[in-house]
Amino acid sequence: MEELLKEILKDLTIELKDDSNYDSDILSVKIKGAIREVMGRRRYQAHHTKEFIKDDMNNYYSNIKRLSLYDYNQTGVEGQTSHSENGINRSWSEREKCLDGIVPFAKVL
């Protein structure tokens, strides 16, 4: 998963280059968390090889990237459902939308 983490970190670093609050360490943690969450939702079985899992996880690059960025942007405002300041109103889409399309493997009995 290290290659996937590095690729997403590189791409998001480019996207966030103009953000004066950019913190690569925090972003790395968010990417690791997103990778773990997607892996958990896929529910890999004992017969899935490391190579299979690696290849499969690459199919979820976009989900992991979106989830990482979502969680990164929530840093410092965790749990906030809305924000209004000086006539500017902010609301967040549902975090779950970042995980659309991730289907778990079914266990065969």
Side-chain angles (χ1 to χ4, degrees):
M1 295 307 124
E2 193 65 31
E3 292 172 25
L4 183 59
L5 184 147
K6 286 179 182 178
E7 181 181 3
I8 293 172
L9 179 60
K10 179 182 172 194
D11 292 347
L12 286 175
T13 297
I14 291 168
E15 287 185 32
L16 296 168
K17 69 181 178 188
D18 294 329
D19 182 350
S20 61
N21 296 318
Y22 173 72
D23 187 320
S24 64
D25 292 335
I26 292 174
L27 184 57
S28 291
V29 169
K30 299 302 182 182
I31 296 168
K32 286 178 192 176
I35 288 172
R36 286 186 182 117
E37 187 158 350
V38 171
M39 287 181 74
R41 286 184 180 243
R42 288 294 282 159
R43 295 188 187 135
Y44 294 108
Q45 306 296 309
H47 68 276
H48 290 123
T49 65
K50 287 182 181 183
E51 192 63 32
F52 175 86
I53 294 170
K54 178 184 161 201
D55 290 343
D56 187 62
M57 286 295 289
N58 282 321
N59 294 327
Y60 295 98
Y61 167 90
S62 295
N63 295 89
I64 295 167
K65 184 178 170 215
R66 269 194 317 269
L67 184 59
S68 301
L69 187 58
Y70 185 97
D71 288 348
Y72 178 79
N73 285 327
Q74 292 283 319
T75 302
V77 295
E78 294 89 342
Q80 190 176 72
T81 57
S82 66
H83 179 84
S84 180
E85 184 176 334
N86 296 326
I88 298 171
N89 296 315
R90 290 192 181 107
S91 59
W92 294 88
S93 62
E94 293 179 37
R95 184 177 185 272
E96 201 64 28
K97 294 248 183 230
C98 297
L99 299 163
D100 282 353
I102 300 175
V103 180
F105 284 99
K107 196 171 196 172
V108 179
L109 302 175

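The first residue in the sequence is number 1, and the count goes up from there.
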Within this structure, what is the CG-CG distance for the pair Leu69 and Leu12, rounded to the nearest 0.5 Å?
5.5 Å
Using 30° and 60° as the class boundaries, would you call the ring planes of Tyr72 and Tyr22 parallel, tilted or perpendicular?
tilted
CG on Leu16 to CG on Asp11, rounded to 0.5 Å
11.0 Å
Looking at OG of Ser24 and CD1 of Ile31, how far apart are the two atoms once the value is rounded to the nearest 0.5 Å?
9.5 Å
Mind telling me whether Phe52 and His48 have parallel, tilted or perpendicular rings, with 30° and 60° as the class edges?
parallel
NE2-CZ distance between His47 and Phe105, expressed to the nearest 0.5 angstrom
7.0 Å
Let me confirm one number: the CG-CG distance from Asn73 to Leu27, rounded to the nearest 0.5 Å.
9.5 Å
If I compare all heavy atoms of Ala34 with all of Ile64, which pair ends up nearest, and what's the gap?
CB-O, 3.7 Å
Write down the atom of Lys54, the atom of Met1, and the distance for their closest heavy-atom approach.
CA-CE, 3.6 Å
Between Tyr70 and Cys98, which heavy-atom pair has the shortest distance, and what is it?
CB-SG, 3.9 Å
For atom CD of Glu94, is the number of surrounding heavy atoms from other residues, nucleotides or ligands below 6.0 Å larger than 12?
no
Could you grab the distance from atom CD1 of Ile102 to atom CD of Glu96, nearest 0.5 Å is fine?
9.0 Å
Check the hydrophobic clustering (I, L, V, M, F, W, Y; side-chain heavy atoms under 4.5 Å; chains of links allowed) and say if Leu99 and Met57 are grouped together.
yes
Report the residue from Arg95, Arg43, Arg42, Lys30 that forms a salt bridge (charged side-chain N to carboxylate O under 4.0 Å, His left out) with Glu37.
Arg95
Applying a strict under-4.5 Å side-chain criterion to I, L, V, M, F, W and Y, I'd like to know whether Val29 and Ile8 cluster together.
no
